[in-house]
A.B. asks: 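Okay, handing you the structure first.
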Amino acid sequence: MSETENMIPKVYDPKLFEKKWYEYWETSGLFHAEVEKDKKPFSIVIPPPNVTGQLHMGHAMDNTLQDILIRWRRMQGYNTLWMPGCDHAGIATQAKVEESLREEGLSRYDLGREKFLERVWAWKEKYGSRIMSQLRSLGSSCDWARERFTMDEGCSRAVREVFVSLYEEGLIYQGMRITNWCPRCNTALSDLEVEHETEQGHLWHLVYPVEGSDEKVEIATTRPETMFGDTGVAVHPDDERYKHLIGKTLILPVVGRRIPLFADEYVDPKFGTGAVKVTPAHDPNDFEMGNRHNLEQVKVIENDGTMGEGAGKYAGLDRYECRKQLVKELEETGVLIKTENHEHAVGHCSRCHTTVEPLVSKQWFVKMESLAKPAIEAVNDGRIKFVPERFAKIYTGWLENIRDWCISRQLWWGHRIPVWYCDDCGEASASREDITVCPKCGSKNIHQDEDVLDTWFSSGLWPFETMGWPEDTEELRHFYPTSVLVTGYDIIFFWVARMVMQGLKFGKDIPFRHVFIHGLVRDSQGRKMSKSLGNGIDPVEVIDKYGADTLRFMLVTGNTPGNDMRFYWERVESARNFANKLWNASRFMLMNLEGFDKSFVPTQDDFELSDRWILSRYAKTAAGVTENLEKFELGEAARAIYEFIWSELCDWYIELAKPRLYDKETERPRRTAQYVLGYVLEHTLRLLHPFMPFITEEIWQRVPHEGKSVMVSAWPTGEEEKLDEAAESSMTAIMETIKAIRNMRAEAGAQPGKKSEAILHISDGNLREVFAANEGYLRGLADTEPLTLCGADAAKPENAMTAAVGGVGVYLPLKGLIDVEKETQRLTKELENLDREIERAKKKLSNESFTAKAPAAVVEKERAKQKDYEEKRAVMAERLRHLASL
RNA sequence: GCGCUGUUAGCUCAGUUGGUUAGAGUAUCACCUUGACAUGGUGGGGGUCGCAGAUUCGAUUUCUGCACAGCGCACCA
């Protein structure tokens, strides 16, 4: 056992080095970016994870993809910035802290706003760093010196600036409007925070008497309890059933209120009874109709979801309990005349899943139309590109139908709305700085708006607020617009669209040039990973067990932009096995470095076929990887490296190089093999580094290299001169021949390792020479001895197994091992295959429109194919005749 | 209701401008511990690319329709 072998563990163990290298990179300042004006910038802002959260599989994937792009561009020589940070996540964080308070039997109201916020900040300090350290263990090469938080001083300043500017421009307004209200979270929600779900409900048919008549109008409703707030009944103007009643007055049952029957185009005569009870205070459509017809708004459901005074004896009951009791009463009094089952969509709070109650309340809104327009244009004219493109349509579709954004939340944790009200003169003043005096009347009797802003209001400023905005910083000028935003399709509306709108408005440019959208990581059954299902896999657990490189590689392979993927431990193991394979290939090289001379550079004459072949394959791989990375096809790029390392470098080149490496008698051949192996390995480590940063660094540092870290080595480029098509096709022929021999030996049950004779008939003189010059490859990898090369017209050996690969007839006189029946079967099957293919090729080539219309190269290819098949067929047919004669 | 995505080997998925006998991982079968690696090697079996049309010399790939699965959007009470 050599010394090297002792030094390098036989099995890949990431625990031995991942932490070490991360610390080395970070303390060496390799993650940090200063503005370098002479270099092209490449920048990414992290989608800030929630401050109270911990790393989940989605984060792991999102950040793996970002880190791959960042590391790749950094190696390419870009001035590379990856801006890290986290989000205060208003409603989510507040809910967490309230939950912990509940365990102490307290509510936030017991503490009061100030004390409560102290608790939240303490919470933030405690948990905020956890997820950042988890991102470190994943290998994320963020510029930690620039770490930000959406509620830090700079971000708070940016939020104020944006709010006040929009307010002064009239794009932010306050209004009594119907808004989604969560009775449990006790706050208003934006439309996006409401999830619609189809539920099985009922359609209750009620009769409302017409005043001064025996007639009754039958209405249908899914929410009878809102009838206390009814202030009208609407019908379609052309509905013959009701035309005579338009303008009449109805008596609202139970309540006894007089309400008008009116006509409105909104009503669909085909639905229900064609008559709609109108509750302007508790339904968005009714609210609109109410505005059109000047109906009164009667609020009968309180903010906590209980019935208000307007509900008479039902006041104080929960809305659903009220419904239950009211339906009973209506049934008993004959008002309810029919109950149908009815499926309908019901809105739920995306945070707590409580059924949302539309309520009229005073909230702050952003007018979206003028902001949305430029954001649509930026994508339509290609300044911002979605990857994959289909998400552009989803994005523009949403913006084209956007409604005003409710930005006020009745929470305590978040950016407080920078508006002060004067208790004396009633003036409302928005201000960038805190104020203590009413600017209008000078009164000191003022108070700040109690509400905070929607979390996404500040997230929307992330790409430029982290660069120092509203100051005109050199970071902004250099790194903004950022290069790419990497995120999941689930937050295109919440976040991506808002960043574009705010970026164009305040950053004075698009916030990013590309939006790279990925899917979700699901469990092995395709379900969303969730806490309630308990099916989540903790990425930290995977890192502990298998290493970050393994997790990263698993997350990127087979990953197609925009598509979900499933988590399988088998896939983790496959990625780990790949790491182990690379580890051992490198170990092999290090064990064979004896006599390695850094200054030795082989000449063309030193290279043998396998050298030229592997260098050519490497150059092609490098070009393909770069190309795929440019297209955001990270999975394809990773697959190409995997295939190269395993199926070409390890399976073939290392095996072919062994004789030279083991032979201590000759110098130049050994050194040439060392050189090529070293060159290819060192450069392949560079290609793989963005995907598997730790293992590549660990190995790179051990193999001959220049520089302090693979992380800042140059990305392989411009190696076209290594491309060698002749070497590739020669090697292909040899490899095919080796495979054919192995196949036959296995079929015949030849003992592995035991040499057997092979005779190759090669018609082409050049190819025969190539085989002759590289006989050792066949002897070594196909266990052939003796090996005879001859022309195609040479006498065929008796009693031999036969195969035909491109231009080569292969004969194996496996004495005593050939089962005539089995061999006949094998050859017959092969012959049939060839017949089918020849038939297909002939048919194609005899089709005149094919030869006339298809490109010449395609036709030529088809002809060559046919010729090849026919040659092979001739060999097979001859052997079959021979076998038959035995 | 509108829209999007998926349907390829037992399972999970690639397949990038239409053109070799459609690939990988995993599983499975046989053989092999040879001096990088059994987390390995060699070989094998396994798919009429969801269905039906259309365009084309040629379709897994483009278009249309349908089926199934999943998702997003949506003010039908």
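Residue numbering restarts at 1 for every chain, and letters A, B, ... go by the order of the sequence lines.
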A.B. asks: Distance criterion of 3.5 Å, no angle test: do you see the side chain of A:Glu655 paired donor-to-acceptor with the base of B:A36?
C.D. replies: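 Answer yes: a donor N or O sits under 3.5 Å from an acceptor.
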A.B. asks: Are A:Lys658 and A:Phe588 in a cation-pi contact, defined as NZ or CZ under 6.0 Å from the six-membered ring centre and within 45° of the axis?
C.D. replies: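 The answer is yes, since A:Lys658 meets both limits relative to A:Phe588.
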A.B. asks: Could you tell me how far apart A:Lys270 (NZ) and B:G1 (C1') are, to the nearest whole angstrom?
C.D. replies: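 Checked: the NZ to C1' distance equals 13 Å.
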A.B. asks: For the side chain of A:Asp283, starting at C-beta, report the closest nucleotide among B:G25, B:G41, B:A77.
C.D. replies: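 Looking only at heavy atoms from C-beta outward on A:Asp283, the closest nucleotide is B:A77.
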A.B. asks: Hey, would you say the A:Phe271 and A:His342 ring centroids sit under 6.0 Å apart?
C.D. replies: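 Judged by ring-centre distance (under 6.0 Å), A:Phe271 and A:His342 do meet the cut-off.
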A.B. asks: Nearest 0.5 Å please: distance from the CD atom of A:Glu636 over to the CD1 atom of A:Ile641.
C.D. replies: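 One gets 11.5 Å once the value is rounded to the nearest 0.5 Å.
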A.B. asks: Could you say whether A:Asn743 or A:Thr560 is positioned toward the 5' end of RNA chain B, judged by the nucleotide with the nearest heavy atom to each?
C.D. replies: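 Whichever sits nearer the 5' end wins; that is A:Thr560.
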A.B. asks: Regarding A:Tyr12, tell me which of base, sugar-phosphate or nothing describes its non-hydrogen contacts under 4.0 Å with the strands shown.
C.D. replies: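 Contact class for A:Tyr12: none.
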A.B. asks: Does B:A52 have a Watson-Crick or wobble partner in any strand here, with both distances under 3.5 angstrom, and which is it?
C.D. replies: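 Partner of B:A52: B:U64.
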A.B. asks: With distance as the sole criterion, do the side chain of A:Lys581 and the base of B:C37 form a donor-acceptor contact below 3.5 Å?
C.D. replies: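 Pair found.
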A.B. asks: Would you say B:G41 has OP1 or OP2 under 4.0 Å from some side-chain N or O of A:Trp646?
C.D. replies: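 Answer is yes, contact under 4.0 Å.
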A.B. asks: When we call it a touch if two heavy atoms are under 4.0 Å apart, what does A:Phe391 touch: a base, just sugar-phosphate, or nothing?
C.D. replies: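 The residue A:Phe391 makes no contact with any strand.
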A.B. asks: For B:U21, does OP1 or OP2 lie under 4.0 Å from any side-chain N or O of A:Tyr869?
C.D. replies: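 Checking A:Tyr869 against B:U21: at least one side-chain N or O falls below 4.0 Å of OP1 or OP2.
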A.B. asks: Find the partner of B:G18: check Watson-Crick (N1-N3 plus N6-O4 or O6-N4) and G-U wobble (N1-O2, O6-N3) distances, both under 3.5 Å, and reply none if neither fits.
C.D. replies: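 The answer is none; no pair meets the criterion.
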A.B. asks: Touch check for A:Arg390, heavy atoms < 4.0 angstrom, all strands: base, sugar-phosphate only, or nothing?
C.D. replies: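 Sugar-phosphate contact only.
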A.B. asks: Identify whether any heavy atom of A:Tyr568 sits under 4.0 Å from a base atom; if not, whether one sits that close to sugar-phosphate; answer base, sugar-phosphate or nothing.
C.D. replies: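 Counting heavy atoms under 4.0 Å across all strands, the contact made by A:Tyr568 is with sugar-phosphate only.
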A.B. asks: Would you say A:Arg566 reaches B:C13's phosphate, i.e. side-chain N/O to OP1/OP2 under 4.0 Å?
C.D. replies: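 Indeed, a polar side-chain atom of A:Arg566 lies that close.
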A.B. asks: Check the phosphate of B:G45 against A:Lys829, side-chain N and O only, distance under 4.0 Å to OP1 or OP2. Yes or no?
C.D. replies: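 For B:G45, OP1/OP2 do have a side-chain N/O of A:Lys829 under 4.0 Å.
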A.B. asks: Taking the six-membered ring of A:Trp398 as reference, does the NZ or CZ atom of A:Lys393 fall below 6.0 Å from its centre and within a 45° cone about the axis?
C.D. replies: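 No, a cation-pi geometry is absent between A:Lys393 and A:Trp398.
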A.B. asks: Regarding A:His342, tell me which of base, sugar-phosphate or nothing describes its non-hydrogen contacts under 4.0 Å with the strands shown.
C.D. replies: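 Sugar-phosphate contact only - A:His342 comes under 4.0 Å of backbone atoms but never of a base.
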A.B. asks: Ring centroid separation for A:Trp646 and A:Phe644, is it under 6.0 angstrom?
C.D. replies: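 For A:Trp646 and A:Phe644, the ring centres are not under 6.0 Å apart.
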A.B. asks: Any strand is fair game: report the nucleotide pairing with B:C73 by Watson-Crick or G-U wobble, both distances under 3.5 Å, or none.
C.D. replies: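 Paired with B:G1.
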A.B. asks: Using heavy atoms to find the nearest nucleotide of RNA chain B for A:Ala220 and A:Asp191 separately, return the residue whose nucleotide is more 5′.
C.D. replies: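 In this pair, the answer is A:Asp191.
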A.B. asks: Would you indicate, yes or no, if B:G40 has its OP1 or OP2 atom less than 4.0 angstrom from a side-chain nitrogen or oxygen of A:Asn580?
C.D. replies: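 False: A:Asn580 side-chain N/O out of range (4.0 Å or more) of B:G40 OP1/OP2.
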A.B. asks: At under 4.0 Å between heavy atoms, what does A:Pro358 touch on the DNA or RNA strands: base, sugar-phosphate, or nothing?
C.D. replies: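 No contact at all - A:Pro358 keeps every heavy atom at 4.0 Å or more from the nucleic acid.
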